[in-house]
Amino acid sequence: MTDDRRDILSIADEYVLGLLEAADAAEIEVAMERDADLRAAIAASRERFLPLDTGVSPAAATEELWQRIEAALPAQDRSSSASGIANANDNRKNGWRLAAISAIAATLVLAIGLAYSVTRTVEPLVVAVLINEAGEVQAVVEDFGNEQATIRLLADFTVPRDKTIQVWTLPSREMGPISLGLIDGVRSARLDGPALPTPRNDQLYEITLEQAGGSPTGRPTGPILAKGLAKLPR
Amino acid sequence: MLMGSGPDDLDTALAACANGDRNALRVVFDREAGRLIAVAERIVRRRELAEEVVQDAFIRIWTHAHQYNADRGSARGWIYAIVRNRALNLLRDGNREFTVEEVETIRESEQADEVMAAWQRLDRNSRLYDCLGALDETKRRGILMAYVGGYSHGEIAARLRIPLGTTKSWIRRGLSALRECMA
């Protein structure tokens, strides 16, 4: 067994036990969409520990709880793509294809971003490609490290009238997530964020859907639309 | 909708959820919600918070059912992982109705026995029961505190009165031994 392999198994266990720092756990969640070995290691780890959960004495699940859940269910918008009988093999094939395509797309976007950046006088310190849970590229953040960053949206987002997209970064576990700003409307934007430590390699960036005017708590509260880790242009 | 009792049916239910069948989500609820609430409660320590976790988790199960496939492990493991992650996030954010100190007090007052009980309750013939039993007491306790009670490295170190670095390496070695034992 190679060291890499052992590391993957060890990290998968720590992720499943909930022992990773928030930023590391977020990194694992991004990586597992593209890394079949990591995904398999996490699946195996979950199965190992699952009996500790399934052996618990059940609590009473009330009808009222179900009603709250049912009242909050959004409509499934997948009738065209997932119609008929779902077949595990087909699903898996699509998953692979999606992962492969998105990995290639991320590389291309990064290359385009870098080609663009070398033609400008001011270069970003880091570039983060943000992907959604399906592994699709959604946006690119360039952080210039001088309280300025830009975000390019590369997918269509549906933002209700009373909501807004907010951009976040996690400079360190101690600082927690910091808002870089709101996106006015659904378009690429320049962000004037607060003074922060110099952005580093693998720093987490993400966009969430928040109420108009931004998160009331100063921390992300809404669903994560996309996230990704920063890379240093080389 | 009537389904058998095998966990494999959860696969079928998730596929039906992805196609918009609310009855299929109800099947998952009827089969697993009671245990999921109990699992969440071991981590967040309060029934009403545990129900909130499970409520959020079921909405996520519904909206993400199309992403489930066999290379993510069993359907049951996938469902429990969603609940566990929600519970851990709620605990670590610590920003809802309770201050960190309040949550700490709640956790302290009840905890320890329940963590070890999860191990004692395992099937005595299972590999997991045997392999956890083969670990040193401290490693076993650390792993169970993390998985069952949602404790962080720092919390485990404080409660077992071991330096943080030692705690991390002991748990890592314990996990490695567990993998080998169960392989």
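Residue numbers begin at 1 in each chain, while the letters A, B, ... track the order of the sequences.
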Run A:Glu63 and B:Arg26 through salt bridge (Lys or Arg N to Asp or Glu O under 4.0 Å) and show every step you take. CA-CA 11 Å; A:Glu63 188 62 27; B:Arg26 177 73 203 228; 3.0 Å; yes
(request) Applying side chain to side chain contact (heavy atoms under 4.5 Å, CB included), run through A:Trp66 and B:Leu25 and close with a yes or a no. (result) CA-CA 10 Å; A:Trp66 168 254; B:Leu25 191 69; 4.1 Å; yes
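Between chain B and the residues A:Leu73, A:Leu65, A:Thr54, A:Leu20, the most heavy-atom pairs under 4.5 angstrom are made by A:Leu73. Your options are B:Ser74, B:Ala33, B:Ala65, and the one with the most heavy-atom pairs under 4.5 Å with chain A is B:Ser74. Here A:Ala59 is the residue among A:Ala72, A:Ala59, A:Ala61 with the most heavy-atom pairs under 4.5 Å with chain B.
Considering B:Arg76, B:Arg84, B:Arg35 as possible partners of A:Asp53, the one that fulfils the side-chain hydrogen bond (donor to acceptor under 3.5 Å, both in side chains) test is B:Arg84.
Only the side chain of B:Arg121 comes within contact range of chain A, with at least one heavy atom under 4.5 Å from a heavy atom of that chain. Only the side chain of B:Leu128 comes within contact range of chain A, with heavy atoms under 4.5 Å apart. For B:Leu122, the part lying near chain A is the side chain, with the backbone staying farther off; criterion is any non-hydrogen pair under 4.5 Å. Only the side chain of B:Gln67 comes within contact range of chain A, judged by heavy atoms closer than 4.5 Å. Heavy atoms closer than 4.5 Å to chain A are found nowhere in B:Leu36, neither backbone nor side chain. Of the atoms belonging to A:Glu21, not a single heavy atom falls under 4.5 Å from chain B. Interface remark: B:Ile156 contributes side-chain atoms only to the contact with chain A (heavy atom separation under 4.5 Å). Of the two parts of B:Asn85, only the side chain, counted from C-beta on, holds a non-hydrogen atom closer than 4.5 Å to a non-hydrogen atom of chain A.
Considering CD of B:Gln55 and CD of A:Gln67, their distance stands at 11.5 Å, rounded to 0.5 Å. Atom-to-atom distance recorded for A:Ile69:CD1 and B:Phe29:CZ is 5.0 Å, nearest 0.5 angstrom. We find the OG-CZ distance between A:Ser45 and B:Arg179 to be 8.0 Å, quoted to the nearest 0.5 Å. Expressed to the nearest 0.5 Å, how far CD of A:Glu70 lies from CZ of B:Phe58 amounts to 12.5 Å. The CG atom of B:Asn69 sits 7.0 Å away from atom CZ of A:Arg39, with the distance rounded to the nearest 0.5 Å. Expressed to the nearest 0.5 Å, how far CD1 of B:Ile143 lies from CD of A:Glu14 amounts to 10.0 Å.
Of the possible polar contacts, none joining the A:Glu47 side chain to the B:Gly73 backbone as a donor-acceptor pair under 3.5 Å is found.
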